[in-house]
Amino acid sequence: MSVTNELNPNVKILMGPGPSDVHPLVLKAMATPLIGHLDPQFIEIMDNVMEMLRKLFRTKNQLTFAVSATGSAGMETCFANLLEPGDEALVCVHGVFGNRMSDIVERCGAKLIRLDAPWGEPIDPSAVKKALESCNPKLVAIVHAETSTGVRQPLEDISQITHDAGALFLVDTVTSLGGIDVRVDDWEIDAVYSGTQKCISAPPGLSPVSFSPAAVEVMEKRKTKVQSWYLDLSMVRKYWAGAKRAYHHTAPISMMYALHEALRLVLEEGLEARFARHKRNHELLRDGLENMGFEYIPAPEFCLPMLNAVKIPHGFDDAEVRGRLLDEYNIEIGGGLGDFAGKAWRIGLMGCSSTLNHVNMLLSALRHIMKK
Ligand SMILES: *Cc1c(COP(=O)(O)O)cnc(C)c1O
């Protein structure tokens with residue numbers, strides 16, 4: 001592709017850990033002519049996005065909106081606004097994204113306490129309980145859907161244990177939101193962030209977040225300024241929800257159009273129907289892969305439907321198979337991260353990429369490539 005040619009990459013079938021395939025209506029929404037970020041019609045679009053996000057997160061939280069950057073910025077927003085230098089934070093780590101949380105906690109000047117579980121397994125609530133006997137953190141953080149390992153982390157018991165210890169409960173739902181149930185109010189989650197390019201099936205670029213009244217109170221009682229200007233919610237909030245909507249930064253207008261349309265499609269399908277679709281296609285893929293001799297990394301009860309982490313069968317080269325999938329079939333799947341580099345494949349069935357056709361295309365391509 002030279003710079004003088006029109007930008008025209010091949011159409012790919014996105015079955016990695018994100019981004020996922022985007023619905024044509026979302027792409028069309030992105031081509032809507034721009035309006036100003038303070039135009040009353042744009043404010044209405046933002047209000048609609050907040051309302052739809054509350055439905056998706058299943059929350060009444062007033063402070064529910066989308067940070068203007070990808071999921072990692074949502075992660076950073078949560079920690080940077082809730083932690084002050086010298087605070088303690090307990091981070092549960094069972095994959096790459098728990099590690100990333102730990103890094104951010106330290107950058108906030110807070111004291112990090114780590115609770116590690118082996119990669120491929122969830123965190124055991126009793127281990128959280130035990131850890132909380134010897135520390136007094138301001139918050140406990142955990143990843144709901146560990147995209148690096150394919151593990152679904154049950155949250156309810158850990159939420160209870162966290163609140164019993166008087167801490168806030170912070171959860172990463174980047175990969176889970178829109179693919180499996182996320183119940184912010186029922187599970188008493190105080191701070192939660194997600195991303196647009198996984199099960200919501202919009203392009204990457206915004207990070208939905210929501211904060212409980214208890215989390216908002218903690219932010220309002222800060223003694224120090226949030227170290228990040230861009231992510232400081234005391235200012236960002238005024239743009240999203242202030243009585244008079246004031247300029248903070250120029251909102252990514254086209255991305256907001258995309259998220260608006262993607263959320264509309266999610267709610268039009270219905271949450272229960274959407275979760276059932278993700279489960280059904282996961283089971284079909286699982287049957288097909290297991291018939292070919294693949295083994296899943298997590299135990300069946302902890303497998304995520306939207307992120308299938310499997311061991312690379314003996315005798316096959318990671319880069320070669322994934323390269324052929326991409327070159328010959330235009331199919332992208334993900335390689336292993338961290339501990340699993342070169343040892344695992346991560347197959348995404350997220351949002352618009354969770355269809356019967358996606359499952360069948362991948363299985364037939366793999367059968368062809370891996371035929372001995
Ligand atoms: C993808 C992902 C992130 C990071 O999101 P980006 O959009 O890549 O910044 C964080 N947490 C989890 C669990 C993810 O899967």
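For ligands, and for the atoms within them, numbers begin at 1 and follow the listed sequence. Treat the numbers as computed from the prediction; the structure is a model and nothing was measured.
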K.L.:
Hey, does Val226 have a side-chain heavy atom less than 4.5 Å from the side chain of Ser234?
P.N.:
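Result no, sub-4.5 Å side-chain heavy-atom pair not found.
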K.L.:
Return the residue, atom name and 0.1 Å-rounded distance of the protein heavy atom closest to atom 11 (N) of ligand 1.
P.N.:
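Answer for atom 11 (N) of ligand 1: Asp172 OD2, 2.6 Å.
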K.L.:
For ligand 1, which atoms have a heavy atom of Thr147 less than 4.0 angstrom away?
P.N.:
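The atoms of ligand 1 under 4.0 Å from a heavy atom of Thr147 are 12 (C), 13 (C), 14 (C), 15 (O).
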K.L.:
Identify, for atom 10 (C) of ligand 1, the protein heavy atom at the shortest distance, and state residue, atom and that distance.
P.N.:
Phe97 CD2, 3.3 Å
K.L.:
Are side-chain N/O atoms of Ser126 and Asp124 paired as donor and acceptor at under 3.5 Å?
P.N.:
yes
K.L.:
For ligand 1 and Thr175, I'd like to know whether there is a polar contact (N/O to N/O, distance under 3.5 Å).
P.N.:
yes
K.L.:
Heavy-atom contact under 4.0 Å between Lys198 and ligand 1?
P.N.:
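True for this residue.
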K.L.:
Tell me, please: is Ala145 in heavy-atom contact with ligand 1, that is, under 4.0 Å?
P.N.:
yes
K.L.:
Working note: Lys130 + Glu133, criterion salt bridge (Lys or Arg N to Asp or Glu O under 4.0 Å); need CA distance, chi angles, decisive distance, verdict.
P.N.:
CA-CA 5 Å; Lys130 185 150 180 293; Glu133 283 165 10; over 6 Å; no
K.L.:
Regarding Glu84 and Thr224, is there a side-chain donor-to-acceptor distance under 3.5 Å anywhere?
P.N.:
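Looking only at side-chain atoms, Thr224 and Glu84 do form a donor-acceptor pair, the distance falling under 3.5 Å.
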K.L.:
Evaluate Asn308 against Trp345 for side-chain hydrogen bond (donor to acceptor under 3.5 Å, both in side chains), listing each step before the verdict.
P.N.:
CA-CA 8 Å; Asn308 296 265; Trp345 285 330; over 6 Å; no
K.L.:
Hey, is Arg245 close enough to Asp47 for a salt bridge, meaning N to O under 4.0 Å?
P.N.:
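Counted as a salt bridge, because a side-chain N and a carboxylate O are separated by less than 4.0 Å.
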K.L.:
Counting only heavy atoms, which portion of Gln197 has something under 4.0 Å from ligand 1: side chain, backbone, both, or neither?
P.N.:
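Just the side chain.
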K.L.:
If the cut-off is 4.0 Å to any non-hydrogen atom of Ser72, which atoms of ligand 1 fall inside it?
P.N.:
4 (C), 5 (O), 6 (P), 9 (O)
